[in-house]
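Notes for the one structure printed next.
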Amino acid sequence: MKISKSFIPTLKEVPADAVIPSHILMLRSGMVRMLSAGIYSFLPLGYKVIKKISNIINEEMVAIGGQEFLLPALNPREIWEETGRVEAFGDTMFHLKNRDYVLAPTHEEIMTFHAKGTMKSYKDMPQIWYQIQTKFRNEARPRSGIIRGRQFLMKDAYSFDSTWEGLDESYAKHYKAYQNIFDRCGIEYFVVGASSGAMGGSKSEEFMVKSDAGEDTVAHCKSCGYAANVEVAQSVIEPIKRNGESKENFEISTPNIHSIDELCEFLKIDERETAKSRVYIFDKKPILVLMSGNDEVNETKLESILGGEVRPAHPEELVEITGAEAGSIGPIDFKNSIIADNRLKDGNNFYSGANKTDFHIGGIDLKRDVENIEYSDLRTIESGEECTRCGKTLDVFKAIELGHIFKLGTKYSEAMGANFLNENGQANPIIMGSYGIGLDRVLACFIEQNYDDKGIVWKGPLAPFDIQILGLNMKKEIVEITSNEIYELLKNEGYDVLFDDRRDAKPGFKFNDAELIGIPIQVVISEKNIKENIVEIKIRQTGEKVLIEKDKLLEKLKELAK
RNA sequence: CGGAACGUGGCGCAGUCCGGUAGCGUACACGGCUGGGGGCCGUGUGGUCGCGGGUUCAAAUCCCGCCGUUCCGACCA
């Protein structure tokens, strides 16, 4: 491809709206352009990489028996009502204004619809169906370039099995396929146990990339490899020991004290002597959640314990329920159910809110003073805590979710009546799994992991071209002739070559553009060198330069490819 | 959805406080020079100052409303 005839609009300056490296570099290298918040056009260079990613995915999906579909993005809303997911997705789903259609955010329902009509016998299974297609989600706040968009490319696969063992196998095949895909793409990732959330199902794992631009938080143990989304992560926390004789409850005036830190400062006590109260609404009823000190409530854990969605109570509700404002709420005389974190189990001599604004109570003995209290693991874990598996230190950091695999079970097949007959002629719901990869995110994450101060550093199969030729002064006949000659030579050898043949660009301009686009190998042709029958090879990643006789170029390139 | 900032040629920005000729850099076109790290000189093209309303003799500038974009937070199958 000759640059003079290509549309690769590089930018010298950093666009004002871009913040994270992958976004900046994709815009600057002419791979993508934004159309609207969270909606991007792929330009030829960017789309070339996307196609390389999808080829790898296709190969690995076919290798596990996957069959490729292409489903409509435009769906009748009715079918989403069958599984209750119009409500579950809520505002995240796009609805059309002039017809009862929605834009599909995923395709469990549609795949189940097709399975329902055709897979009537256990003999029809297992099946793996997948597609690479555009998904739509009305994200409240798109961010980080293509990492979180309202429209994005997803490979979504679905497995259909007649037995639970079959589901385990299908799941394991996808797990392996995902490892192959991300390994081949050259991405550094790790796998974490995750919450299935509203997708439903029994088990799910996420393929993650460590990144400050991530929106998930994960815990990872370097020592034993334990990794989990903080939504479900656990750590070793001993319950706080009982502290001497329990005192009588006593009330203290604590004017304008709202936080645990302020309370500790005011009373000169340690945060572990306090019990923080949070009121949530579950099933329209209030529930008091009691945490030690500044420990944060993990709402995902709370929801899975209660078996449904919760939301924090509004300030007005707090007053109505407890008689006090936030900051002065506590377990003593709380009228509704109470659930406390394991760390507080049976503890005594705690300070907590008095359910009277600007008052706290001391000498609280949870065993003595609070009836009907339940204990559970409710904490959000923090960096530095101990791993439950090996006792070593856990790291907690941000990560981007590249892929997510779910054992769905029969949630969708039951809801939609997708049944098959087993060996005994009995009707059973099909057992399903679903498996997703964000293609845009694979691209963005690769760049997040492979760039320097000059631009992108491509390597491996995702590189949009193998080699970039720079003809330094194309107005010189010898340079023009030789660089064209080498361009044809390399093309005939099967290399995918980008040839900077622009006549009006100065060498510095070409060098900078080449570093920005980041093709792994540059072949530089200058008047000075070519007069001595020499060309220069430059490795993008290391900056290493090799001068070599023109005739030995192919040989050297083959050597470098090893 | 809560908080904050921004919106001026393709891109990056100044001008707005204190109303009075719409500017700089870059890109682009043409001519010339230059040719190993985004070069130089000259001549040009290109803008409803986000949109609507109001105040005023006069609005990019002041006031009101809306829209868009970004960041922090909430949410995120």
Side-chain angles (χ1 to χ4, degrees), chain A residues 9-20 23-24 27-28 30 33-39 80 83-93 102 104-109 135-145 147-150 152 154 156 194-201 204 206 213-217 229 231 299-300 303 309-312 314-315 400-401 404 406 408 411-412 434 436 438 454-455 470-476 478-480 500 502-516 522 524-530 534-536 538 543 545 547:
Chain A
T10 56
L11 301 172
K12 193 159 100 178
E13 291 184 275
V14 177
D17 289 342
V19 176
I20 68 165
H23 190 199
I24 291 170
L27 289 168
R28 288 194 54 213
R33 285 290 185 267
M34 187 177 89
L35 180 63
S36 176
I39 306 178
W80 288 85
T83 54
R85 288 221 290 179
V86 173
E87 197 187 0
F89 272 106
D91 197 44
T92 303
M93 182 137 77
V102 297
T106 174
H107 277 88
E108 280 75 15
E109 278 77 357
K135 301 286 187 264
F136 297 88
R137 294 184 193 179
N138 183 25
E139 296 291 350
R141 178 149 108 77
R143 69 182 100 181
S144 305
I147 288 174
R148 185 180 174 89
R150 294 203 168 117
F152 55 95
M154 180 163 154
D156 46 322
S195 156
S196 310
M199 287 293 284
S204 90
E206 292 168 316
E215 15 203 28
D216 284 277
T217 309
N229 196 306
E231 290 177 345
E299 292 180 11
T300 308
E303 288 181 344
E309 281 188 27
V310 299
R311 65 166 175 84
H314 305 309
I400 298 168
E401 177 190 341
H404 202 160
F406 297 87
L408 292 177
K411 174 176 165 158
Y412 298 92
S434 88
K454 293 189 160 69
L470 286 76
L472 286 197
N473 183 355
M474 293 296 288
K475 284 177 184 166
K476 298 286 181 189
I478 188 171
V479 174
E480 190 191 6
D500 195 341
R502 291 174 291 186
R503 295 180 70 83
D504 49 357
K506 294 262 293 183
F509 197 92
K510 291 191 177 187
F511 282 125
N512 283 309
D513 251 7
E515 308 291 10
L516 175 60
Q522 296 167 20
V524 183
I525 293 150
S526 67
E527 187 186 17
K528 188 182 75 188
N529 283 334
I530 208 63
I534 283 174
V535 295
E536 176 184 319
K538 186 174 171 195
K545 292 175 188 174
L547 292 175

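Proteins come first, then strands; the chains are lettered A, B, ... in the order of their sequence lines, and each starts at number 1. When reading the values below, keep in mind they use all heavy atoms of this one structure, side chains included, and skip hydrogens, waters and symmetry mates.
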Inset, instruction - Sort out the partner of rC1(B) for me: Watson-Crick or G-U wobble, both distances under 3.5 Å, none otherwise. - result: rG73(B)
Legend entry - Listed nucleotide nearest any side-chain atom of Phe511(A), set rU69(B), rG12(B), rG37(B): rG37(B)
Legend entry - Selection from rG37(B), rG36(B), rG38(B) that lies nearest to any side-chain heavy atom of Ser526(A): rG36(B)
Inset, instruction - May I ask you to say what Arg28(A) touches in the nucleic acid, namely base, sugar-phosphate or nothing, with a heavy-atom cut-off under 4.0 Å? - result: base
Legend entry - Distance, rounded to the nearest Å, where Ile20(A) contributes CD1 and rU69(B) contributes P: 18 Å
Inset, instruction - Taking atom C1' in both rC51(B) and rC67(B), compute the distance separating them and give it to the nearest angstrom. - result: 7 Å
Inset, instruction - Verify salt bridge (charged side-chain N to carboxylate O under 4.0 Å, His left out) between Arg502(A) and Asp504(A), making sure each step is shown before the conclusion. - result: CA-CA 6 Å; Arg502(A) 291 174 291 186; Asp504(A) 49 357; 5.9 Å; no
Inset, instruction - Identify whether any heavy atom of Ala18(A) sits under 4.0 Å from a base atom; if not, whether one sits that close to sugar-phosphate; answer base, sugar-phosphate or nothing. - result: nothing
Inset, instruction - Answer yes or no as to whether rG38(B) has its base stacked against Phe509(A), where stacking requires a ring-centre separation under 5.5 angstrom and planes under 30 degrees apart. - result: no
Legend entry - Nucleotide paired to rG38(B) in any strand shown, Watson-Crick or G-U, under 3.5 Å: none
Inset, instruction - Using heavy atoms to find the nearest nucleotide of RNA chain B for Leu11(A) and Arg148(A) separately, return the residue whose nucleotide is more 5′. - result: Leu11(A)
Legend entry - Nearest-Å distance once atom P is located in both rC13(B) and rG50(B): 15 Å
Inset, instruction - Indicate, yes or no, whether a donor-acceptor pair under 3.5 Å links the base of rG35(B) to the side chain of Lys475(A). - result: yes
Inset, instruction - Determine the interatomic distance between P on rG47(B) and the same-named atom on rU8(B); round to the nearest Å. - result: 15 Å
Legend entry - Closest-nucleotide 5' rank along RNA chain B - winner of Ala37(A) and Gln522(A): Gln522(A)
Legend entry - Between CD1 on residue Ile525(A) and CD on residue Glu480(A), distance to nearest 0.5 Å: 12.0 Å
Inset, instruction - Could you give the distance separating rC28(B) and rU45(B) at their C1' atoms, to the nearest angstrom? - result: 8 Å
Inset, instruction - Could you give the distance separating rU48(B) and rA5(B) at their C1' atoms, to the nearest angstrom? - result: 25 Å
Inset, instruction - Classify the side chain of Asn529(A) and the base of rG36(B) as holding, or not holding, a donor-acceptor pair under 3.5 Å. - result: yes
Legend entry - SB check Glu108(A) Lys411(A) (cutoff 4.0 Å): no
Inset, instruction - Would you mind reading off the distance between Arg502(A) atom CZ and rG39(B) atom C1', rounded to a whole angstrom? - result: 15 Å
Inset, instruction - Report the nucleotide, chosen from rG12(B), rG38(B), rG36(B), that has the shortest atom-to-atom distance to any side-chain atom of Glu536(A). - result: rG36(B)
Legend entry - Spacing of Lys476(A) atom NZ and Met474(A) atom CE [to the nearest 0.5 Å]: 13.5 Å
Inset, instruction - Can you check whether any acceptor in the base of rG25(B) is under 3.5 Å from a donor in the side chain of Glu13(A), or vice versa? - result: yes
Inset, instruction - Scan Pro9(A) against the nucleic acid and name what it touches under 4.0 Å (heavy atoms): base, sugar-phosphate only, or nothing. - result: nothing
Inset, instruction - Would you mind reading off the distance between Asn512(A) atom CG and rG39(B) atom C1', rounded to a whole angstrom? - result: 13 Å
Inset, instruction - Could you tell me whether Glu527(A) contacts a base, only the sugar-phosphate backbone, or nothing, with contacts defined as non-hydrogen atoms closer than 4.0 Å? - result: nothing
Inset, instruction - Taking the side chain as every heavy atom from C-beta outward, state whether Leu472(A) and Val479(A) have any pair of such atoms under 4.5 Å apart. - result: no
Inset, instruction - Determine the contact category for Asp17(A): base if any of its heavy atoms lies under 4.0 Å from a base atom, sugar-phosphate if only primed atoms, P, OP1 or OP2 are that close, otherwise nothing. - result: sugar-phosphate
Inset, instruction - Please tell me if the side chains of Val535(A) and Ile530(A) come closer than 4.5 Å, counting only heavy atoms from C-beta onward. - result: yes
Legend entry - Same-atom distance (P) from rG38(B) to rA22(B), integer angstrom: 37 Å
Inset, instruction - With a 3.5 angstrom cut-off on both distances, give the Watson-Crick or G-U wobble partner of rU48(B), or none if there isn't one. - result: none
Inset, instruction - Looking at every strand, decide which applies to Asp91(A) at a 4.0 Å heavy-atom threshold: base, sugar-phosphate, or nothing. - result: nothing
Legend entry - Distance, nearest 0.5 Å, that separates NZ of Lys538(A) from CZ of Phe511(A): 6.5 Å
Inset, instruction - Using only side-chain N and O atoms of Arg141(A), determine if any of them is under 4.0 Å from OP1 or OP2 of rC72(B). - result: yes
Inset, instruction - Please report, rounded to the nearest Å, how far the C1' atom of rC76(B) is from the CD atom of Glu206(A). - result: 12 Å
Inset, instruction - Just call it for Met34(A): base, sugar-phosphate, or nothing, with non-hydrogen atoms closer than 4.0 Å on any strand. - result: sugar-phosphate
Legend entry - Selected nucleotide, minimal atom distance to Glu139(A) side chain, candidates rC76(B), rG35(B), rA74(B): rC76(B)
Inset, instruction - Scan every strand shown for a Watson-Crick or G-U wobble partner of rG20(B), both distances under 3.5 Å, and answer none if you come up empty. - result: rC57(B)
Inset, instruction - Check every strand shown and say whether Lys476(A) touches a base, only sugar-phosphate, or nothing at a heavy-atom separation below 4.0 Å. - result: nothing
Legend entry - Same-atom distance (C1') from rG2(B) to rC49(B), integer angstrom: 31 Å
Inset, instruction - Can you tell me, in whole Å, how much space there is between the C1' of rC64(B) and that of rG73(B)? - result: 29 Å
Inset, instruction - Give Lys538(A) one of three labels, base, sugar-phosphate or nothing, depending on what nucleic acid heavy atoms sit under 4.0 Å from its own. - result: base
Inset, instruction - Measure the shortest side-chain to side-chain distance between Lys135(A) and His107(A) over non-hydrogen atoms and say whether it is less than 4.5 angstrom. - result: yes
Inset, instruction - Please state how far atom NZ in Lys12(A) lies from atom C1' in rG12(B), giving the value in whole angstrom units. - result: 11 Å
Legend entry - Atom-to-atom span, CG of Asp504(A) to P of rC28(B) - whole angstrom: 8 Å
Inset, instruction - Would you mind classifying the nucleic acid contact of Thr92(A) as base, sugar-phosphate or nothing, using non-hydrogen atoms under 4.0 angstrom? - result: nothing
Legend entry - Opposite nucleotide pairing with rG68(B), Watson-Crick or G-U, both atom distances under 3.5 Å: rC6(B)
Legend entry - Base paired to rA29(B) (Watson-Crick or G-U; both N/O distances under 3.5 angstrom): rU43(B)
Inset, instruction - Return the value, rounded to whole Å, for the distance between atom CZ of Arg143(A) and atom P of rG73(B). - result: 7 Å
Legend entry - Rounded interatomic separation in angstrom, taking CZ from Arg150(A) and P from rC76(B): 17 Å
Inset, instruction - Determine the contact category for Glu87(A): base if any of its heavy atoms lies under 4.0 Å from a base atom, sugar-phosphate if only primed atoms, P, OP1 or OP2 are that close, otherwise nothing. - result: nothing
Legend entry - Of the listed nucleotides rC72(B), rU70(B), rG12(B), the one nearest the side chain of Val19(A): rU70(B)
Under 3.5 Å, side-chain donor or acceptor atoms of residues 11-20 of chain A against the rest of the protein: list the pairs with distances, not counting sequence neighbours.
none

